[in-house]
There are 2 protein chains.
Amino acid sequence: MSPSQPPPTRPHRVTAADVAKKAGVSRSAVSRAFTEGTYLDKEKRVSILQVAADLGYRPNALAAGLQAQGRSNLVAVVTGDLANHYDGEILAKLIHRLRDLGKWPMVIGGGEMTESDVLGVLGFPLDAMILRGGSVPDQVVEECLKLQIPLIVSGRVLDRPGVDSVCCDNETGAELAVGALVAAGRRRIAYLGGRQDLTSDRERRAGFVAAMAAAGLTPVALFSGDYSFDGGASQARQLLTQHPQIDGLFCANDAMALGAIAIAGQECDRKVPESLSVIGFDDIAMARWPAIALSTIRNDMDETVSQMMRLLSARLADPDSPSRVIRIPPEFIARNTH
Amino acid sequence: MSPSQPPPTRPHRVTAADVAKKAGVSRSAVSRAFTEGTYLDKEKRVSILQVAADLGYRPNALAAGLQAQGRSNLVAVVTGDLANHYDGEILAKLIHRLRDLGKWPMVIGGGEMTESDVLGVLGFPLDAMILRGGSVPDQVVEECLKLQIPLIVSGRVLDRPGVDSVCCDNETGAELAVGALVAAGRRRIAYLGGRQDLTSDRERRAGFVAAMAAAGLTPVALFSGDYSFDGGASQARQLLTQHPQIDGLFCANDAMALGAIAIAGQECDRKVPESLSVIGFDDIAMARWPAIALSTIRNDMDETVSQMMRLLSARLADPDSPSRVIRIPPEFIARNTH
DNA sequence: ATGAAAGCGCTAACAA
DNA sequence: TTGTTAGCGCTTTCAT
């Protein structure tokens with residue numbers, strides 16, 4: 001209304017223009033000062049950076065990302081359920097390694113998978129999307145491909161053009177487990193599975209069945225759980241009740257194995273490993289705890305993440321390269337439960 | 001060189017302009033079609049959305065965030081070490097609740113805390129930054145305040161203008177633990193602490209000391225660990241060796257309590273709770289596992305996250321409101337280890 | 001070496 | 001109700 005009223009304008013974020021004015025140079029000079037390998041007088045650069053520091057200026061990454069076509073440095077990470085320790089542990093490594101590549105992880109998922117969230121994040125011009133474990137709605141995959149956003153999948157294989165996957169060789173892992181159980185003298189062996197809608201479970205199950213057959217054995221039972229401790233416990237209760245004769249148990253992941261061991265000891269009067277051998281899958285940190293010392297199949301996280309980063313870099317460098325599937329070899333880790 | 005060579009231009013992301021042209025409307029009409037509560041002919045909106053869907057268009061969130069001053073919907077989350085289950089569990093809830101608010105979480109930290117990462121993320125015009133646990137470099141706090149970025153701190157209290165905190169009432173928690181140990185008939189009680197550089201440990205320690213004094217008891221020992229299972233185990237080994245007479249142990253978090261219980265049973269021939277009571281802190285999911293059934297002090301995650309979201313919303317609505325500190329009341333959860 | 005100017009894709013104030 | 005216009009803050013030719 002009247003010019004006497006100074007607008008109580010909240011001091012906006014310092015921009016390159018502010019720095020330019022204060023330093024007596026052009027906006028472009030400021031931009032150059034923050035970019036390696038650009039023509040700019042050595043002294044001038046120093047003085048600009050000084051002024052910028054005084055003012056508390058830092059380039060707006062949003063504006064930069066908008067400008068740089070196809071290099072927003074934003075990477076969406078759709079994590080599996082963080083209640084699964086494997087997912088939590090691998091997420092930490094993933095975040096760390098993405099930063100090494102200069103990427104910023106936008107993390108979604110972690111519990112109940114909200115499909116709208118993962119579609120919503122596509123609103124950002126992502127450099128890539130990482131799908132960790134879990135069931136990935138097909139629609140999401142379609143949208144990513146339509147938007148030409150590179151997809152790196154881990155924990156399952158998605159053999160499609162433009163999608164790279166890295167996944168444990170689950171069948172081999174199951175074979176190793178059966179081999180170890182047989183070597184321990186077990187013959188009446190059962191499988192305690194995870195969520196049947198996930199390929200990891202299907203592959204481990206198939207590997208188990210095949211290895212048993214190869215060993216001339218018939219599975220005593222094939223159960224399914226949900227990859228959780230509680231699920232493992234309740235399924236193990238039924239399993240040990242209905243089939244008290246079993247002497248070996250291969251579980252689809254470590255959490256279920258721990259649940260099963262708890263039930264065996266507390267409710268079924270079965271000592272592990274004396275009267276029952278149990279082998280898990282993944283080798284989460286807890287499995288290494290001396291008090292637990294779970295025999296398991298290592299699903300190597302460091303190697304998995306390394307390969308994911310390798311695939312990511314390769315695809316970013318050449319978006320049209322053929323899609324790749326990398327299988328990580330598992331390893332049997334002998335501890336105290338078999 | 002010659003116009004006969006069609007440039008092998010990688011099809012760019014579909015923009016509002018593309019949709020506008022195809023639909024025969026203006027760019028603004030397209031923008032309006034995607035914004036609730038704008039003037040736009042019903043039919044026209046439908047047809048625009050139809051064309052957009054055909055083309056696979058979705059508004060570029062970067063451009064939108066650049067435009068909307070102070071509403072990028074980006075929130076940086078600096079998480080504590082995900083090897084601590086408490087941090088993992090709360091991160092999952094945090095991500096979920098932030099999405100409910102329409103915010104996108106950029107997650108950093110999770111393991112080795114890289115200070116440059118947390119400074120680097122300030123390049124984005126964040127709506128807010130969430131600091132979860134751990135030690136927060138002062139420089140980070142300064143930069144945030146300088147940039148006028150709201151800071152929500154959890155797991156410690158940072159009583160400064162513009163910073164809101166929500167934190168468990170650690171002293172009361174320690175009192176509850178001592179009370180429970182005393183009620184269980186324990187008198188020779190020790191404290192197995194976490195990282196002394198963290199306020200959570202200092203408060204729990206202080207609360208322990210005060211409660212012991214109030215009960216007319218003298219602590220047998222005050223040890224320090226690192227909040228990890230392994231750290232708890234090795235400290236407990238020393239503790240039980242040097243002070244075999246102790247009959248009660250209050251641990252600074254659940255992980256250390258589990259480590260201590262493991263050592264007690266496996267190496268020191270002390271049955272829990274028969275000859276040694278152990279109480280943890282946090283009430284992580286594992287503490288509830290029947291096989292573990294850890295008596296502990298609940299550090300309510302749902303309530304913590306709810307309050308964080310409340311503080312966040314309030315600060316976003318009024319950036320100048322006085323900073324607030326919310327203390328979450330702890331609760332003793334009696335299970336099988338005391 | 002450096003400034004001017006164009007544009008990245010979007011929203012919002014202003015006209016019509 | 002709708003189109004035109006002006007930025008948001010930055011990077012990058014293009015001149016100079």
Side-chain angles (χ1 to χ4, degrees), chain A residues 7 9-49 52 55-74 122-127 147-148, chain B residues 9-48 52 55-74 122-127 147-148:
Chain A
T9 171
R10 166 158 295 274
H12 70 176
R13 185 178 167 112
V14 178
T15 75
D18 298 324
V19 177
K21 192 165 59 182
K22 179 94 175 285
V25 298
S26 70
R27 291 201 248 36
S28 348
V30 177
S31 178
R32 288 192 182 100
F34 281 85
T35 314
E36 294 299 325
T38 43
Y39 294 123
L40 188 59
D41 183 78
K42 186 69 184 167
E43 294 180 24
K44 185 167 279 188
R45 163 168 279 141
V46 171
S47 78
I48 290 176
L49 291 177
L55 260 37
Y57 166 76
R58 51 185 75 223
N60 185 326
L62 238 51
L66 183 58
Q67 155 74 213
Q69 290 294 70
R71 275 299 175 278
S72 65
N73 286 329
L74 254 30
L122 292 175
F124 291 88
L126 304 172
D127 280 0
L147 289 171
Q148 306 243 359
Chain B
T9 172
R10 169 158 292 277
H12 70 175
R13 187 178 166 112
V14 178
T15 75
D18 297 324
V19 177
K21 191 165 59 180
K22 179 93 176 285
V25 298
S26 69
R27 291 201 252 28
S28 356
V30 176
S31 179
R32 288 190 182 99
F34 280 86
T35 314
E36 293 300 322
T38 45
Y39 294 122
L40 187 60
D41 184 77
K42 186 69 182 168
E43 293 180 24
K44 185 166 281 190
R45 164 167 278 142
V46 172
S47 79
I48 290 176
L55 260 39
Y57 166 77
R58 50 186 73 222
N60 185 327
L62 237 52
L66 182 58
Q67 153 74 213
Q69 290 294 70
R71 275 297 174 280
S72 65
N73 286 329
L74 255 28
L122 292 174
F124 292 88
L126 304 172
D127 280 1
L147 288 171
Q148 307 242 357

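Letters A, B, ... are given to chains in the order of the sequence lines, protein chains preceding strands, and every chain is numbered from 1. Both backbone and side-chain heavy atoms feed into the values below; hydrogens, waters and symmetry mates do not.
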Between [atom2] of [N] and [atom1] of [X], the distance in whole Å:
{"X": "N60(A)", "N": "dT11(D)", "atom1": "CG", "atom2": "P", "value": "9 Å"}
{"X": "Q67(A)", "N": "dC8(D)", "atom1": "CD", "atom2": "C1'", "value": "13 Å"}
{"X": "R27(A)", "N": "dG9(D)", "atom1": "CZ", "atom2": "P", "value": "11 Å"}
{"X": "L62(A)", "N": "dT11(D)", "atom1": "CG", "atom2": "P", "value": "12 Å"}
{"X": "L126(B)", "N": "dG9(D)", "atom1": "CG", "atom2": "C1'", "value": "16 Å"}

For R27(A), is the CZ atom crowded, meaning more than 12 foreign heavy atoms sit under 6.0 Å from it?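 Counting neighbours around CZ of R27(A), 12 or fewer heavy atoms of other residues, nucleotides or ligands fall under 6.0 Å, so no.
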Between the two ends of the helix from dA1(C)-dT16(D) to dA16(C)-dT1(D), what is the bend in degrees, rounded to 10 degrees, where each end axis spans five pairs?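 Overall, the helix from dA1(C)-dT16(D) to dA16(C)-dT1(D) bends by 40° from one end axis to the other.
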To the nearest 0.5 Å, tell me how far [X] [atom1] sits from [Y] [atom2].
{"X": "R32(A)", "Y": "S26(A)", "atom1": "CZ", "atom2": "OG", "value": "6.5 Å"}
{"X": "K22(A)", "Y": "L55(A)", "atom1": "NZ", "atom2": "CG", "value": "4.5 Å"}
{"X": "L74(B)", "Y": "F124(A)", "atom1": "CG", "atom2": "CZ", "value": "5.0 Å"}
{"X": "L122(A)", "Y": "R58(B)", "atom1": "CG", "atom2": "CZ", "value": "5.0 Å"}
{"X": "K21(B)", "Y": "T15(B)", "atom1": "NZ", "atom2": "OG1", "value": "8.5 Å"}

Give the C-alpha distance, both sets of side-chain angles, the deciding distance and a yes or no for side-chain contact (heavy atoms from CB on, under 4.5 Å) between I48(B) and K44(B). CA-CA 6 Å; I48(B) 290 176; K44(B) 185 166 281 190; 3.9 Å; yes
Would you check if the side chain of S72(B) reaches a backbone N or O of P125(B) as a donor-acceptor pair within less than 3.5 Å?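 Checked: pair present.
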Any donor-acceptor pair under 3.5 Å from T35(A) side chain to T38(A) backbone: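 The answer is no, because no donor-acceptor pair under 3.5 Å joins these two groups.
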Heavy-atom nearest nucleotide on DNA chain D for A29(B) versus A64(A): which residue maps closer to 5'?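 Nearest nucleotide further toward 5': that of A29(B).
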What residues in residues 30-48 of chain B put a non-hydrogen atom under 4.0 Å from any atom of DNA chain D?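 R32(B), Y39(B), L40(B), D41(B), K44(B) - these, ordered by number, are the residues of the stretch whose heavy atoms sit under 4.0 Å from the strand.
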For DNA chain C, which nucleotides open and close the run of contacts to chain A, 5' to 3', at under 4.0 angstrom from a non-hydrogen atom?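 Span of nucleotides near chain A: dA1(C) to dG9(C).
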If you define the side chain from C-beta out and look only at heavy atoms, does anything of L49(A) sit under 4.5 Å from R45(A)?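 A side-chain contact exists here, since the closest heavy-atom pair is under 4.5 Å.
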Under 4.0 Å between any heavy atoms, over every strand shown, what does S28(A) touch: base, sugar-phosphate, or nothing? Just pick one.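 If one applies the 4.0 Å heavy-atom cut-off, S28(A) turns out to touch a base.
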Where do L126(A) and L147(A) land on the side-chain contact (heavy atoms from CB on, under 4.5 Å) test, with the steps shown first? CA-CA 10 Å; L126(A) 304 172; L147(A) 289 171; over 6 Å; no
